[in-house]
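Worksheet: the structure to be examined is printed underneath.
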Amino acid sequence: MNMNQCLDVKPEVAEALAAGKPVVALESTIISHGMPYPQNVETALNVERIIRENGAVPATIAVIGGRLKAGLTPEEIEYFGKKGTAIRKASRRDLAILCAKGQDGATTVTTTMMIAHMAGISIFATGGIGGVHRGAETTMDISADLEELGQTPVMVICAGAKSILDLGLTLEYLETKGVPVIGYGTEELPAFYTRRSGFGVDYRMDTPEELAAALRASKDMGLRGGMLVTNPIPEEYAMPLETINAAIDQAIAECNAKGIHGKDTTPFLLARVAEITGGDSLASNIQLVYNNAALAARTAVAFCKL
Ligand code: PSU
Ligand code: MN
C-alpha cells in the first residue's frame, strides 16, 4: 500500500508492481528541456512502446498540479512536450514546494529517482545524467543527480555523461558517494554521443541478468545508494569525436559569455549543441535513449525473476 499522500501511481503501474511484474521509470525533463517539440513527444511515446516490447511496464514520472505522478497518460506526455521549458525543471529542492503550491514540474534524474523509489520502482532509463561541470572548481556547479545516486536505491541506465561535463571529476564524485559505475559491454565510460571517453568504469557487465543480480545484492544488504549503468550508443548512431567536441566547446564558451548558470546551464548547452550540429546530435540522442530503454526493460524482467 502506498502511504504517500502526494503520490499518484498510474493504475497500470500499481497493478504491475503489486503483481511483482517489471516496471521501468522514465524522466520528464528530457521531454520538456532535453529535446524540442515535437520530437520530444514522439521519442517519449516510442520509449514507452520499446519498454513494453521488451516485457516491462513504462512509468514516465513528473509533477502535475502538485501531484507526484508515477506513470503518465499519452495526453500528459503531449502536455509536457508542448509546454517545454515553460514547465519548471524540478530538482530535490523543488518537490515539496511544487506539491504545496499545486504546480507542475519536470523531473530530472534526481527527482525521477526519488519518485520512482516512493512508488517502489527500482530501475530507471534515461539519456544522460548531470554531473560535475567543467570549471566546477570555481563555479561549484555539480548536479544534484550525483547526490541522489549516492542516497537513493535506484539503478539508473544511461549512455554515460556528456563532455559538456568534466568526466574525470564526475567519476571522482561518484566514487566518493559510493556509486558503482558499470559499463555495459565495455570497460570504458561512454560519453553519450560517442562510445569512448578515455576513462575507465568500475565494472564491466555483459548481460541484463548480471545487472539484475548486482541490484538484487544491493537491495538484499539494504544499501541506500543507487547504481549507474552506462550503455554505449549503438555504433551506427555515434558521432565523430571532433564534430561533437567542437560543438560542445562552442556551446560552453557561449554559456560562459552569456553568464548562464544554475539550473539553466544544462538545458542551454543541450539545445545549443543540437543547433550547432544541425540536428545530428538530436538524432543520436534519440537513438541512445531507445537503446537504454530496451536494456532497462530487459534488466527489469531479469530482476523480477530473482
Ligand atoms: N543530460 C542530458 N540530457 C538531459 C539532462 C542531462 O544529456 O535531458 C537533464 C536530466 O534531466 C538531468 C538534468 O537530470 O538535465 C541535469 O540537470 P543539472 O545539470 O542542472 O543538474
Ligand atoms: Mn547545475
Side-chain angles (χ1 to χ4, degrees), residues 27 29-36 39-40 84-85 88-91 93 106 108-110 126-149 156 158-177 181 188-201 228 230 232-233 237-289 292:
E27 62 156 306
T29 292
I30 191 175
I31 306 175
S32 57
H33 293 67
M35 292 182 191
Q39 288 97 333
N40 55 359
T85 54
R88 179 180 279 272
K89 176 178 161 190
S91 194
R93 65 177 174 193
T108 61
V109 167
T110 297
T126 187
I129 59 157
V132 180
H133 279 268
R134 294 197 206 164
E137 56 274 24
T138 49
T139 64
M140 290 183 71
D141 188 350
I142 299 173
S143 176
D145 293 352
L146 301 182
E147 293 291 327
E148 208 59 43
L149 280 160
V156 178
C158 70
K162 282 197 174 77
S163 37
I164 59 172
L165 303 171
D166 187 317
L167 300 185
L169 292 187
T170 299
L171 289 173
E172 293 290 353
Y173 206 94
L174 288 166
E175 179 182 1
T176 301
K177 293 290 166 181
V181 178
E188 192 170 330
L189 179 76
F192 200 85
Y193 301 113
T194 57
R195 294 174 59 87
R196 310 197 53 182
S197 67
F199 292 95
V201 292
L228 187 66
T230 61
I233 184 170
Y237 303 114
M239 294 188 69
L241 196 62
E242 309 72 47
T243 312
I244 197 64
N245 282 349
I248 286 171
D249 288 344
Q250 185 185 332
I252 289 176
E254 289 177 17
C255 187
N256 291 339
K258 285 182 194 278
I260 290 168
H261 60 92
K263 71 184 197 306
D264 298 328
T265 301
T266 297
F268 174 84
L269 292 174
L270 298 179
R272 277 304 285 146
V273 168
E275 282 165 16
I276 295 164
T277 60
D280 286 359
S281 69
L282 179 60
S284 295
N285 195 344
I286 291 170
Q287 291 300 328
L288 65 83
V289 174
N292 296 340

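Computed from a predicted model, the values in this text were never measured in an experiment.
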Heavy-atom pair with the smallest gap, counting every atom of [X] and [Y]:
X: Val273; Y: Ala251; result: CG2-CB, 3.9 Å
X: Ser197; Y: Ala191; result: CB-CB, 4.0 Å
X: Leu171; Y: Phe199; result: CD1-CB, 3.6 Å
X: Cys158; Y: Gly128; result: CB-CA, 4.4 Å

Quiz item: So do the side chains of Thr265 and Cys255 get within less than 4.5 Å of each other, counting heavy atoms only?
Solution: yes
Quiz item: Is the shortest heavy-atom distance from the side chain of Ile129 to the side chain of Leu146 under 4.5 Å?
Solution: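 Yes, side chains in contact.
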Quiz prompt | Residue pairs passing the salt bridge (Lys or Arg N to Asp or Glu O under 4.0 Å) test where at least one lies in residues 128-137, sequence neighbours excluded | solution = Arg134-Asp249
Practice problem: For residues 161-176, pull every pair meeting salt bridge (Lys or Arg N to Asp or Glu O under 4.0 Å), keeping only residues two or more places apart or in separate chains. | Solution: none
With rounding to the nearest 0.5 angstrom, report the [atom1] to [atom2] distance, [X] to [Y].
X: Tyr193; Y: Asn285; atom1: OH; atom2: CG; answer: 5.5 Å
X: Ile244; Y: Ser284; atom1: CD1; atom2: OG; answer: 7.5 Å
X: Thr85; Y: Phe268; atom1: OG1; atom2: CZ; answer: 13.0 Å
X: Leu149; Y: Leu174; atom1: CG; atom2: CG; answer: 6.5 Å
X: Leu169; Y: Ile142; atom1: CG; atom2: CD1; answer: 8.0 Å
X: Ile164; Y: Asn245; atom1: CD1; atom2: CG; answer: 12.5 Å

Practice problem: Give the C-alpha distance, both sets of side-chain angles, the deciding distance and a yes or no for side-chain contact (heavy atoms from CB on, under 4.5 Å) between Asp280 and Thr243. | Solution: CA-CA 10 Å; Asp280 286 359; Thr243 312; 5.8 Å; no
Exercise. Can you run down the side chain to side chain donor-acceptor pair (under 3.5 Å) pairs that involve residues 250-263, sequence neighbours left out, and say none if there aren't any?
Key: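 Those involving residues 250-263 are Gln250-Glu254, Glu254-Arg272.
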[X]: which residues meet the side-chain hydrogen bond (donor to acceptor under 3.5 Å, both in side chains) condition with it, sequence neighbours left out?
X: Arg196; result: Glu188
X: Tyr173; result: Glu147
X: His33; result: none
X: Thr277; result: Ser281

Exercise. Give a yes or no answer on whether the side chain of Thr108 reaches the backbone of Thr110 with a donor-acceptor pair at less than 3.5 Å.
Key: yes
Quiz item: Any donor-acceptor pair under 3.5 Å linking the side chain of Thr230 with the backbone of Leu189?
Solution: no
Residues that [X] engages under side-chain contact (heavy atoms from CB on, under 4.5 Å), provided they are two or more places apart:
X: Asn40; result: Ile31, Met35, Tyr37
X: Asp264; result: Ile260
X: Ala90; result: Asp94, Leu98
X: Thr139; result: Ala136, Asp141

Quiz prompt | Stepwise side-chain contact (heavy atoms from CB on, under 4.5 Å) check, Leu269 with Ile248 | solution = CA-CA 8 Å; Leu269 292 174; Ile248 286 171; over 6 Å; no
Quiz item: So among Thr29, Val109, Leu288, which one has a side chain to side chain contact (heavy atoms under 4.5 Å, CB included) with Thr126?
Solution: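 Only one option passes, and that is Val109.
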Quiz prompt | Residues in salt bridge (charged side-chain N to carboxylate O under 4.0 Å, His left out) contact with Glu27, at least two apart in sequence or another chain | solution =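 Listed in chain order: nothing, the list is empty.
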